[in-house]
Asker: 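Can you read through this structure? Questions will come right after.
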Number of protein chains: 2
Amino acid sequence: MVEESQPTPGTVRPGGRTARVRAAVLRAAEDALVEHGFAGLDLGDIAQRAGVGRTTVYRRWGGTSALVADLLADMAEQSLPRTRSGSLAEDLRANARLVQRTLADPRQGGLFRAVIVAANCDTGAAQALRRFYEARVAEWAPCVAEAVERGELPAGTDPAEVVRAVSAPLYYRMLTTADPLDEAAADRAAAAAGAAARAGAYCR
Amino acid sequence: MVEESQPTPGTVRPGGRTARVRAAVLRAAEDALVEHGFAGLDLGDIAQRAGVGRTTVYRRWGGTSALVADLLADMAEQSLPRTRSGSLAEDLRANARLVQRTLADPRQGGLFRAVIVAANCDTGAAQALRRFYEARVAEWAPCVAEAVERGELPAGTDPAEVVRAVSAPLYYRMLTTADPLDEAAADRAAAAAGAAARAGAYCR
DNA sequence: CGGTTAACGGGACAGTCGTTCCGTTAGGAT
DNA sequence: ATCCTAACGGAACGACTGTCCCGTTAACCG
């Protein structure tokens, strides 16, 4: 018998029960994360909430970080498509408000905090987080690129950098202050990013 | 005998041995943090490095989060004073580069990641973190206020918001991407904040 | 519809983490 | 210099986390 690295559990028979277990565990993990945060995650508790054996969770994910990473990948698939308004200022504001609403929501906001924490504890989770933001940026970059084509922004402006500039102040505020994330903050972030972009601050 | 909440250990006799123990433990915690990150913190290991009993660490700090919070408070005392150049653009750039150098430094950068993680696990650490940033913002806000007085920025500009706008993209980049934090990123952050401020994006 | 085996579930096990107890050391006051 | 006790250190203890083993269930294939 040859000693081979067998495939990860859940990949050979992904249908039926396996899928149900994964969904139940991810949902339970989300609940637990919102309630206790990443530090207070208890895989035994999650298994119980999901109506699943502890062993199963350990076998399929192996730890809290990988579980959160999987949760993040699941979230990435359900991310909302961007709106198209035709105006850069409108687009940036829509993006900012989407981020603001997400982070201000008790459930999703707590989830994002937890995921950021996990990314700083586990390289797998960090990779998943980067993938998630790459996808988000790629979703919204076109509206900036179109603004460049229309001549609203200087040629050579880096679209991704502008999109990140919208989110950055909102995340920074969430992490370092106790102030609530309101719409005013979102609109300010969008306006600031737009003004800086027009001034050529994001030219390569 | 009255049942009173006795003072925290270390406050009644803060001199001599107590101070030495605190310094040794904080230094050891810093080392451990750089090596294993926040998730891999082991109080037993820290105690051994510091040449101190495990019990002492648990008694005085009670957990990893509070220890990191204390470490942060210690750092806050040693924070560098701002420079004064007389030009807004120069001041913002100096601030941005200071933040960039701090976060890019393996030792301090790891520490800041850890502290942000701790702040999401423990309310005491969160308070310490907020205090730290309030102090930092208060240190740098005057240079923006002076620029407003000189007429470089529109009246009604919120100095604190401008200072935070400089740091935000750097933290966001550190947390969500794998790209290194270089001087170019710092200069871009400073330029963007300055441009947005001149455009009146941070008016109350 | 029946067989094969991937995946699950429960229980037992070992290692670790944080706490408690109590004797010892040394800071601060007289 | 001497006393008092805050603070430290070592050891034992209990709880919990993650792993292993093996019997059971149900997904996929012919």
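Because the structure is a prediction, the values reported are computed rather than measured. Every chain is numbered from 1, with letters handed out A, B, ... down the list of sequences.
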Asker: With under 30° as parallel and over 60° as perpendicular, where do the rings of B:Y172 and A:Y171 fit, or are they tilted in between?
Answerer: tilted
Asker: Do A:R17 and D:dT25 have a side chain to base donor-acceptor pair shorter than 3.5 Å?
Answerer: yes
Asker: Specify the separation, in whole Å, of atom CZ of A:R60 and atom C1' of C:dA6.
Answerer: 11 Å
Asker: Is the distance from OP1 or OP2 of C:dC8 to the nearest side-chain N or O of A:R54 less than 4.0 Å?
Answerer: no
Asker: Would you mind reading off the distance between B:I46 atom CD1 and C:dC17 atom P, rounded to a whole angstrom?
Answerer: 11 Å
Asker: Look at A:E139 together with A:R84 and state whether they make a salt bridge at an N to O cut-off of under 4.0 Å.
Answerer: no
Asker: What is the separation between atom CG on B:D45 and atom P on C:dG15, rounded to the nearest whole Å?
Answerer: 20 Å
Asker: Kindly say if B:Y58 contacts the phosphate of C:dG18, meaning a side-chain N or O under 4.0 Å from OP1 or OP2.
Answerer: yes
Asker: Can a donor-acceptor pair under 3.5 Å be found between the side-chain atoms of B:T55 and the base atoms of D:dG10?
Answerer: yes
Asker: Give a yes or no on whether a salt bridge exists between B:D45 and B:R49, defined as a side-chain N under 4.0 angstrom from a carboxylate O.
Answerer: yes
Asker: A:G44 or B:R22: which one's nearest nucleotide on DNA chain D is closer to the 5' end?
Answerer: B:R22
Asker: In whole Å, I'd like the distance from the CH2 atom of B:W61 to the C1' atom of D:dC8.
Answerer: 12 Å
Asker: Give the rounded distance in Å between these two atoms: CZ of B:R59 and C1' of C:dC17.
Answerer: 17 Å
Asker: Just checking B:R130: does its CZ atom have more than 12 heavy atoms from other residues, nucleotides or ligands closer to it than 6.0 angstrom?
Answerer: yes
Asker: Which part of the nucleic acid does A:R20 contact within heavy-atom distance under 4.0 Å: base, sugar-phosphate only, or nothing?
Answerer: sugar-phosphate
